[in-house]
Amino acid sequence: MKFLFIFLIFIFSIFGEETENITESEIYVGDIIHYTLTKAETIEFETTEGEVYFDETSPSLRIYDITEINNTISLKIIFFKPGNYTLPISWTKNGKPKNSKLNIIVKSQLAETDSEIEDVESPIVFSGPYLLRLISLILFIILNLYFLYAIFLYIKRKQRVVDAIWQPQQSIPPNIIKKKKIETILQGESIPQKEFIYLISEFLKEELGDRFNIKTKSLTDSEFLSAIYDRSHIDNDILRELRLLFRTSKYEKKDNLLTNEEANEIWRSIQENLKV
């Protein structure tokens, strides 16, 4: 009877432990991690949402979207820096503090020689379809020049004197053009996230670059937002959220689709925060 009692205590201690799990096998900077904690008994979960600093320079990760359903607590984590992490998750059980035992290796998406993500597009190779387009464009220009020259000879032959006042056509500012493109794409029911965020990035560089007298043509997103912070009174938290939006949307492997409501909410928030 004594041995049976000891055996039951041992079994209870095994099955009374909490179970931690993450769904992702490989984790890179900027990926969203789904963490779950399955509890066997009542516990007091102490982890709160927000950014976590492992040094004084910048946040290492962010915890958000904490939910509890039945015996399962779930949350999401996004890492800003590569490294080997022990998750900063803790809870109290029967008055005793407990911490997460999960170790996570976060990899960088940059090559060893790269120092920062830049807005660099792949070069155009003039072969295949591109070569055909280039030849078609050249032929189109030649035909137009020939047509204009024929008109010039016809007018000269008729010896007509035409008095005309030529007024230079006023060009539309680039920031207005890009803003019109954003408003046009917002009319769709589903909107490609990557294309939408690229348009917003280009518009902000034109709009805020003119406002604060910043040459943005050769600046990366991070350099541009740092320059805006130095020359304006825009809150650093707003610029940090914008930098995170650019990183997680523009450089994600797959292009997600936003609903019309989600895209309009992103655009409305940016307009209100940056006064554009």
J.: Is there side-chain contact between Ser226 and Arg243, with at least one heavy-atom pair below 4.5 Å?
T.: yes
J.: Considering only heavy atoms from C-beta outward, does the side chain of Ile214 approach that of Leu208 to under 4.5 Å?
T.: no
J.: Taking all non-hydrogen atoms of both residues into account, name the closest pair between Glu272 and Arg268 and its distance.
T.: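 Smallest interatomic distance, heavy atoms only, reads OE2-NH1, 2.7 Å.
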J.: Examine distances only and state if a side-chain atom of Glu51 and a backbone atom of Ser60 form a donor-acceptor pair shorter than 3.5 Å.
T.: no
J.: Any non-hydrogen side-chain atom of Ile270 less than 4.5 Å from a side-chain atom of Leu204?
T.: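 Yes, close enough: below the 4.5 Å cut-off.
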J.: May I ask you to test the Leu274-Ile234 pair for a side-chain heavy-atom distance under 4.5 Å?
T.: yes
J.: Testing the 3.5 Å rule here: is there a donor-acceptor pair between the side chains of Thr36 and Ser74?
T.: no
J.: For Ser190 and Asn260, does a side-chain donor sit closer than 3.5 Å to a side-chain acceptor?
T.: no
J.: State, yes or no, whether a side-chain contact exists between Ile177 and Phe203 at a heavy-atom distance under 4.5 Å.
T.: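 The answer is no, as the side chains (C-beta and beyond) never meet within the 4.5 Å cut-off.
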J.: Check the pair Trp267, Lys179 against side chain to side chain contact (heavy atoms under 4.5 Å, CB included), reporting the backbone distance first and the verdict last.
T.: CA-CA 11 Å; Trp267 178 235; Lys179 189 173 184 180; 4.3 Å; yes
J.: From Asn256 CG over to Ile197 CD1, what is the distance, rounded to the nearest 0.5 angstrom?
T.: 11.0 Å
J.: Between Glu223 and Ser218, which heavy-atom pair has the shortest distance, and what is it?
T.: OE1-O, 4.1 Å
J.: Linking Ile, Leu, Val, Met, Phe, Trp and Tyr by side-chain heavy atoms under 4.5 Å, what else ends up with Tyr149?
T.: Phe152, Leu153
J.: If only side-chain N and O atoms count, and only distance matters, is there a donor-acceptor pair under 3.5 Å linking Asn71 with Thr38?
T.: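 Their side chains do not contain a donor-acceptor pair, so the 3.5 Å distance test is not met.
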J.: Think Arg231 forms a cation-pi with Tyr229, using NZ or CZ under 6.0 Å from the six-ring centre and within 45 degrees of its axis?
T.: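 Not satisfied by the 6.0 Å and 45° rule.
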J.: Let me confirm one number: the NZ-CD1 distance from Lys178 to Ile172, rounded to the nearest 0.5 Å.
T.: 12.0 Å
J.: Where is the tightest heavy-atom contact between Gly209 and Thr216, given as atom of each residue plus distance?
T.: CA-CG2, 3.9 Å
J.: Looking only at heavy atoms, which two atoms of Glu24 and Ile32 are closest? And how far apart?
T.: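 Heavy atoms of Glu24 and Ile32 come nearest at OE2-O, 3.4 Å.
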J.: Can a donor-acceptor pair be found, under 3.5 Å and without considering hydrogens, that links the side chain of Thr248 to the backbone of Leu244?
T.: yes
J.: Please tell me whether Glu46 and Thr92 have a donor and an acceptor in their side chains that are separated by less than 3.5 angstrom.
T.: yes
J.: Side-chain contact test, heavy atoms from C-beta onward, threshold under 4.5 Å: evaluate it for Ser249 versus Gln193 and give yes or no.
T.: yes
J.: Show the atom names and distances, to 0.1 Å, of all donor-acceptor pairs under 3.5 Å that link a side chain in residues 180-189 to residues at least two apart or in another chain.
T.:
unit_1 : atom_1 : unit_2 : atom_2 : d
Thr184 : OG1    : Lys180 : O      : 2.8

J.: What heavy-atom pair brings Asn99 and Ser90 nearest, and what distance separates the two atoms?
T.: OD1-CB, 3.2 Å
J.: Given Lys93 and Glu18, is the salt bridge (charged side-chain N to carboxylate O under 4.0 Å, His left out) satisfied, shown in steps?
T.: CA-CA 10 Å; Lys93 176 181 177 182; Glu18 294 73 33; 3.3 Å; yes
J.: Any donor-acceptor pair under 3.5 Å linking the side chain of Glu202 with the backbone of Leu199?
T.: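 The answer is no, because no donor-acceptor pair under 3.5 Å joins these two groups.
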J.: Apply side chain to side chain contact (heavy atoms under 4.5 Å, CB included) to the pair Glu26 and Ile105, showing each step before the final yes or no.
T.: CA-CA 8 Å; Glu26 274 194 319; Ile105 298 176; over 6 Å; no
J.: Does any non-hydrogen side-chain atom of Glu241 lie less than 4.5 Å from one of Ser269?
T.: no
J.: Are the side chain of Asp31 and the backbone of Tyr28 linked by a donor-acceptor contact shorter than 3.5 Å?
T.: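 Yes; at least one donor-acceptor contact below 3.5 Å.
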J.: Can you tell me if Lys250 and Ser201 form a side-chain donor-acceptor pair at under 3.5 Å?
T.: yes
J.: Do we see a donor-acceptor contact under 3.5 Å between the side chains of Glu206 and Asn175?
T.: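 Per modelled atom types, Glu206 and Asn175 side chains form no pair under 3.5 Å.
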J.: Does Asp230 form a side chain to side chain contact (heavy atoms under 4.5 Å, CB included) with Phe212? I'd like the steps, not just the answer.
T.: CA-CA 10 Å; Asp230 293 337; Phe212 299 111; over 6 Å; no
J.: Following the transitive rule for hydrophobic clusters with a side-chain heavy-atom cut-off under 4.5 Å over Ile, Leu, Val, Met, Phe, Trp and Tyr, establish whether Leu219 and Leu245 coincide in one cluster.
T.: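 Per the 4.5 Å side-chain linkage, Leu219 and Leu245 are co-clustered.
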J.: Less than 4.5 Å apart, side chain to side chain, heavy atoms only: is that true for Leu239 and Asp235?
T.: no
J.: Between Lys205 and Asp221, is the salt bridge (charged side-chain N to carboxylate O under 4.0 Å, His left out) condition met? List the steps.
T.: CA-CA 9 Å; Lys205 285 183 179 181; Asp221 289 338; 3.6 Å; yes
J.: Tell me, with the steps shown, if Ser100 and Glu20 meet side chain to side chain contact (heavy atoms under 4.5 Å, CB included).
T.: CA-CA 8 Å; Ser100 172; Glu20 298 179 274; 2.5 Å; yes
J.: Remaining members of Ile33's ILVMFWY cluster at a side-chain heavy-atom cut-off under 4.5 Å?
T.: Ile22, Ile27, Val29, Tyr35, Leu37, Ile43, Phe45, Val52, Phe54, Leu61, Ile63, Ile66, Ile73, Leu75, Ile77, Phe79, Tyr85, Leu87, Ile89, Trp91, Leu102, Ile104, Val106
J.: Verify the distance criterion only: is there a donor paired with an acceptor across the side chains of Thr72 and Lys39 at less than 3.5 Å?
T.: no
